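Here the structure is a predicted model, which is why all the values come from computation and not from measurement. All chains are named by letter (A, B, ...) in the order of the sequence lines, taking the proteins before the strands, and each is independently numbered beginning at 1.
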Number of protein chains: 2
Amino acid sequence: MKDPIPRKTVYRLSLYNRCLEQLGFAGSGTVSSEVLSKIAGVKSPQLRKDLAYCGHVGKRGLGYDVVLLRERLAETLGTSRLPAVVLVGTGNLGSALLRYQEGFAKEGFEITAAFDARPEKRSSDISVPVLPMTELSKFVTERGVKMAILCVPGTAAQSVCNLLLENGIQAILNFAPVILQTPPGVAVNNVNLAIELENLSYFIK
Amino acid sequence: MKDPIPRKTVYRLSLYNRCLEQLGFAGSGTVSSEVLSKIAGVKSPQLRKDLAYCGHVGKRGLGYDVVLLRERLAETLGTSRLPAVVLVGTGNLGSALLRYQEGFAKEGFEITAAFDARPEKRSSDISVPVLPMTELSKFVTERGVKMAILCVPGTAAQSVCNLLLENGIQAILNFAPVILQTPPGVAVNNVNLAIELENLSYFIK
DNA sequence: CTGTGTGAAGGCTTTCACAGCC
DNA sequence: GGCTGTGAAAGCCTTCACACAG
């Protein structure tokens, strides 16, 4: 309801969106908070409270209309028009993600270009243009790209990050094992596979 | 101090470990909570409180001895002996991660084997043995593997997950875009790139 | 005087319980 | 009767402020 939707709620709204997709309802009927919350792995009051940020979208006694709910979610999240994304760093992980391109495409994202200090490393099974770093500024500013996926080595991450910010990038999905120092207003999500694994290992008996 | 370290704290302890690594101190000297917290992107009191879970490891007026701290962290997290990991699903993302193997190795993890319904897809630049799914039970139980990375399509994720749990897997790093239904006592960390991107797009002005 | 360790305060999220609408 | 929407309560985590050790 209130303007500033809590970070964690935004996260879960995306999640609910994916869960609805997964349900594969062909426009059919409604879901109850009970059912949907179970799929999403949260408690039902939480789901209801989260969805309340999208306005009164549920019907009491019935549940949530699937189609309507998805529309509202997309609207609230601003997912109707998905932003262009560039990827920087085509090493192991970077080119891996480029090969996974179709996975992103299915979810509505498209990597418009990739950049690397040594673009000739580009392998033949990658369909995205791989350009030298020197072209990054021009490309990003001309096309008004606002999001980037960062896959450079940790040692280069901060300086490449700075370069991105100078050219108007506002959100970064960071795979480099470094916490980026950024000014307020820039969104950074970190994905650190080593930490994920280490974290899991803690819970093994 | 108390036995049950909060989940989020465990997470950050791993993070601090990585930050120390990044500092690259060759056994030299100490770090203050002020400095280390800045690198890790948290506030200094938080860092101190987190580190207090490792016992009295800091020296007042001096800071934290880097070597000692790393030892204590490894001890607390149980990272001294790192567990074996298997990867399931060698599609786009799965084989991408296998190619990234050396990235894991640098952080101390090793994928001991990969499994797929069609293992012949194995490409030549992957050094990890790729075995058919039918061998999974035997491999996992015989070697006592407790951790798995799950990269199968969403439609297969839950059933493969069940198979893993039946064979004694206790922790799963899940890349499938599905929330896995698991009994308590099993740890699951989800990595969903589409959600990360969607989430970031929300914060673009 | 510097910098850790920590009780107490504060803020944010989750959970509960139930009123209200279909 | 069923299920949403939501104030109130509880819980958890973060932040603060300061005592205290080196």
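A straight line from CG of L51(B) to C1' of dT6(C) spans 14 Å, rounded to a whole angstrom. Remark: C1' of dG2(D) and OH of Y64(A) are 13 Å apart, rounded to the nearest angstrom. Per the geometry, NZ belonging to K43(B) stands 14 Å off C1' belonging to dC12(C), to the nearest Å. Summarising the geometry, the separation between CZ on R7(A) and P on dT14(C) is reported as 14 Å, rounded to the nearest angstrom.
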Practice problem: Test L13(A) against N17(A) for side-chain contact (heavy atoms from CB on, under 4.5 Å), laying out the working first. | Solution: CA-CA 6 Å; L13(A) 290 178; N17(A) 213 352; over 6 Å; no

Practice problem: Under the side-chain contact (heavy atoms from CB on, under 4.5 Å) rule, what do M133(B) and V88(B) come out as? Steps first, then yes or no, please. | Solution: CA-CA 8 Å; M133(B) 286 297 284; V88(B) 187; 3.7 Å; yes

Practice problem: For side-chain contact (heavy atoms from CB on, under 4.5 Å), just list the numbers for L87(A) and F104(A), CA-CA rounded to whole Å, side-chain angles, deciding distance to a tenth of an Å, and then say yes or no. | Solution: CA-CA 12 Å; L87(A) 184 146; F104(A) 291 126; 6.0 Å; no

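Looking at the side chain of H56(B), the nearest of the listed nucleotides dA17(C), dT15(D), dG5(C) is dG5(C). Side-chain proximity of R48(A) to dC18(D), dT15(D), dG5(D): nearest is dG5(D).
Side-chain nitrogen and oxygen atoms of S33(B) include none within less than 4.0 Å of the OP1 or OP2 phosphate oxygen of dG3(C). Checking the phosphate oxygens (OP1, OP2) of dC13(D), no side-chain nitrogen or oxygen of Q46(B) falls inside 4.0 Å. Look at Y53(B) and you won't find any side-chain N or O under 4.0 angstrom from OP1 or OP2 of dT6(C).
Atom CG of N190(B) is separated from atom CG of L180(B) by 6.5 Å, given to the nearest 0.5 angstrom.
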Distances for protein N or O near nucleotides 8-12 of chain D N or O, under 3.5 Å:
from   : atom 1 : to     : atom 2 : distance (Å)
dA8(D) : N6     : K49(A) : NZ     : 3.3

Considering only nitrogen or oxygen atoms on both sides, find all protein atoms under 3.5 Å from nucleotides 19-22 of chain D and state each distance.
from    : atom 1 : to     : atom 2 : distance (Å)
dC20(D) : O2     : R60(B) : NH1    : 3.2
dG22(D) : O4'    : R60(B) : O      : 3.0

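Taking every heavy atom of residues 9-16 of chain A and every atom of DNA chain D, no pair lies under 4.0 Å.
Within the 4.0 angstrom heavy-atom criterion, only backbone atoms of the sugar-phosphate kind lie near V57(B); the bases stay farther away.
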